[in-house]
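Computation of the quantities below employed the complete heavy-atom set of this structure, encompassing side-chain atoms and omitting hydrogens, waters and symmetry-equivalent molecules. When a ligand or atom number is given, it counts from 1 through the structure's own listing order. Note that the structure is predicted; figures quoted are calculated from it, not measured.
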Amino acid sequence: MNYSLFDDASDMQPWIEPICEGALILRHFSVSDEIALLDGIQQILSKHPFRQMRTPNGHRMSVAMTCCGEVGWVSDSNGYRYSAYDPENGEHWPAMPDSFYLLAVQAAQEAGFPDFKPDSCLINQYQARSHLSLHQDKDEKNLGAPIVSFSLGIPATFLFGGMQRTDAIQRYHLAHGDVVVWGGPARLRYHGVAPIKEAAHPLLGTQRINLTFREAI
Ligand code: MD6
Ligand code: FE
């Protein structure tokens with residue numbers, strides 16, 4: 001039984017969950033800006049729809065991606081890299097919406113990274129059973145800058161390992177509105193996303209969307 005008038009609201013109060021030195025989760029951080037984020041995503045998708053890229057060894061990724069900002073992350077038979085152009089249509093990636101930039105800077109600030117100036121945002125779409133294998137984010141030019149990662153829609157289990165692929169892995173439940181900030185001594189830790197379980201979210205339906213902001217160039 002729920003006796004408090006305020007339980008629903010207080011459940012959504014932001015709070016900080018430390019992961020390790022350099023990494024933490026800002027719980028519920030972006031819930032109040034969900035509409036601005038979804039509007040921005042829709043705008044980007046209208047000209048640069050989600051697509052499943054191929055890894056250098058020819059596998060199609062289960063996660064679908066698009067980008068905004070000065071450069072976007074692309075993968076094909078030539079490898080992973082940042083590019084100013086969408087390989088699907090040759091057009092420049094769309095500018096990062098101001099609302100995205102401001103929210104990412106704010107999140108970084110709250111996590112103790114006051115100088116963050118993201119120039120790239122990778123937008124990932126997960127459906128049920130999509131996953132992201134363990135990897136390091138090391139293609140960015142400024143590894144002194146953190147990565148700021150927004151989760152929207154259905155939940156995920158974030159896998160957080162160590163500096164070696166074979167190190168022990170911690171698991172974190174990421175819900176709509178949660179933001180992971182990741183830098184300093186944690187910047188090159190292996191991480192991934194476990195296969196997504198079927199679920200539905202009132203605003204996003206059966207998908208999870210993840211935005212990751214970086215200083216890539
Ligand atoms: C995701 N995120 O959460 C994938 N990388 O869908 C990442 O790969 C990631 O969340 C570096 C730092 C934070 C992240
Ligand atoms: Fe990553």
Side-chain angles (χ1 to χ4, degrees), residues 16-27 29-30 37 41 50-53 55 61-69 71-75 80-82 100 103-105 107-108 110-113 116 118-163 165 167 169-197 199 201 204 206-216:
I16 294 180
E17 180 175 345
I19 296 180
C20 66
E21 198 186 337
L24 53 76
I25 305 174
L26 303 170
R27 295 288 186 188
F29 178 87
S30 75
L37 288 169
I41 292 167
F50 285 126
R51 80 293 305 265
Q52 287 169 285
M53 297 187 200
T55 60
M61 299 179 75
S62 62
V63 179
M65 301 180 172
T66 189
C67 303
C68 65
V71 291
W73 185 88
V74 297
S75 176
Y80 311 122
R81 66 195 171 278
Y82 282 96
F100 284 29
L103 280 166
V105 166
E110 296 214 8
F113 299 96
F116 188 50
D119 51 28
S120 180
C121 173
L122 173 60
I123 305 168
N124 292 325
Q125 182 200 43
Y126 296 74
Q127 312 269 12
R129 293 173 290 284
S130 299
H131 74 282
L132 193 62
S133 306
L134 277 187
H135 66 277
Q136 291 172 298
D137 289 26
K138 57 180 182 190
D139 299 328
E140 298 73 30
K141 188 158 185 201
N142 185 5
L143 294 176
I147 291 179
V148 173
S149 170
F150 286 59
S151 291
L152 297 169
I154 68 173
T157 299
F158 193 59
L159 308 173
F160 181 70
M163 297 297 287
R165 190 183 288 279
D167 287 347
I169 287 167
Q170 298 164 260
R171 300 163 74 89
Y172 290 89
H173 184 265
L174 295 181
H176 177 78
D178 291 344
V179 175
V180 182
V181 184
W182 185 286
R187 182 62 178 72
L188 290 176
R189 292 250 206 156
Y190 276 88
H191 59 279
V193 177
I196 299 282
K197 293 191 178 130
H201 182 272
L204 282 106
T206 57
Q207 62 181 335
R208 170 178 186 256
I209 294 182
N210 169 262
L211 310 175
T212 56
F213 296 88
R214 302 106 190 277
E215 287 188 23

Any donor-acceptor pair under 3.5 Å from Arg51 side chain to Met65 backbone: yes
For residues 122-129, please give each side-chain donor-acceptor pair under 3.5 Å, one per line with the distance, not counting sequence neighbours.
from: Asn124; atom 1: ND2; to: Asn210; atom 2: OD1; distance (Å): 3.4
from: Gln125; atom 1: NE2; to: Gln207; atom 2: OE1; distance (Å): 2.8
from: Arg129; atom 1: NH1; to: Glu198; atom 2: OE2; distance (Å): 3.3

field: Arg189 side chain to Gly161 backbone, donor-acceptor under 3.5 Å
entry: yes
query: For residues His173 and Asp178, is any side-chain donor paired with an opposing acceptor at under 3.5 Å?
result: no
- prompt: What angle, to the nearest 10°, do the atoms NE2 (His191) and NE2 (His135) form about the Fe ion (ligand 2)?
  reply: 90°
field: Criterion ring-ring contact (aromatic ring centres under 6.0 Å, His included) against Trp182, the qualifying member of Phe213, Tyr190, Phe160
entry: Phe160
Could you go through ligand 1 and list every pair where one of its N or O atoms sits under 3.5 Å from a protein N or O, giving the atom names and the distance to one decimal?
from: ligand 1; atom 1: 3 (O); to: Arg208; atom 2: NH2; distance (Å): 3.1
from: ligand 1; atom 1: 3 (O); to: Asn210; atom 2: ND2; distance (Å): 3.2
from: ligand 1; atom 1: 5 (N); to: Asp137; atom 2: OD2; distance (Å): 3.1
from: ligand 1; atom 1: 5 (N); to: His191; atom 2: NE2; distance (Å): 2.7
from: ligand 1; atom 1: 6 (O); to: Tyr126; atom 2: OH; distance (Å): 2.5
from: ligand 1; atom 1: 6 (O); to: Arg208; atom 2: NH1; distance (Å): 2.8
from: ligand 1; atom 1: 6 (O); to: Asn210; atom 2: OD1; distance (Å): 3.4
from: ligand 1; atom 1: 8 (O); to: His135; atom 2: NE2; distance (Å): 3.2
from: ligand 1; atom 1: 8 (O); to: His191; atom 2: NE2; distance (Å): 3.2
from: ligand 1; atom 1: 10 (O); to: Ser149; atom 2: OG; distance (Å): 2.6

query: Looking at Asp137, which of its N, O or S atoms is the nearest one to the Fe ion (ligand 2)?
result: OD1
Gap separating the CG atom of Leu174 from the OG atom of Ser149, nearest 0.5 angstrom: 7.0 Å
task: Would you name the heavy atoms of Ile25 and Tyr172 that are closest together and state the gap between them?
output: CD1-CD2, 3.8 Å
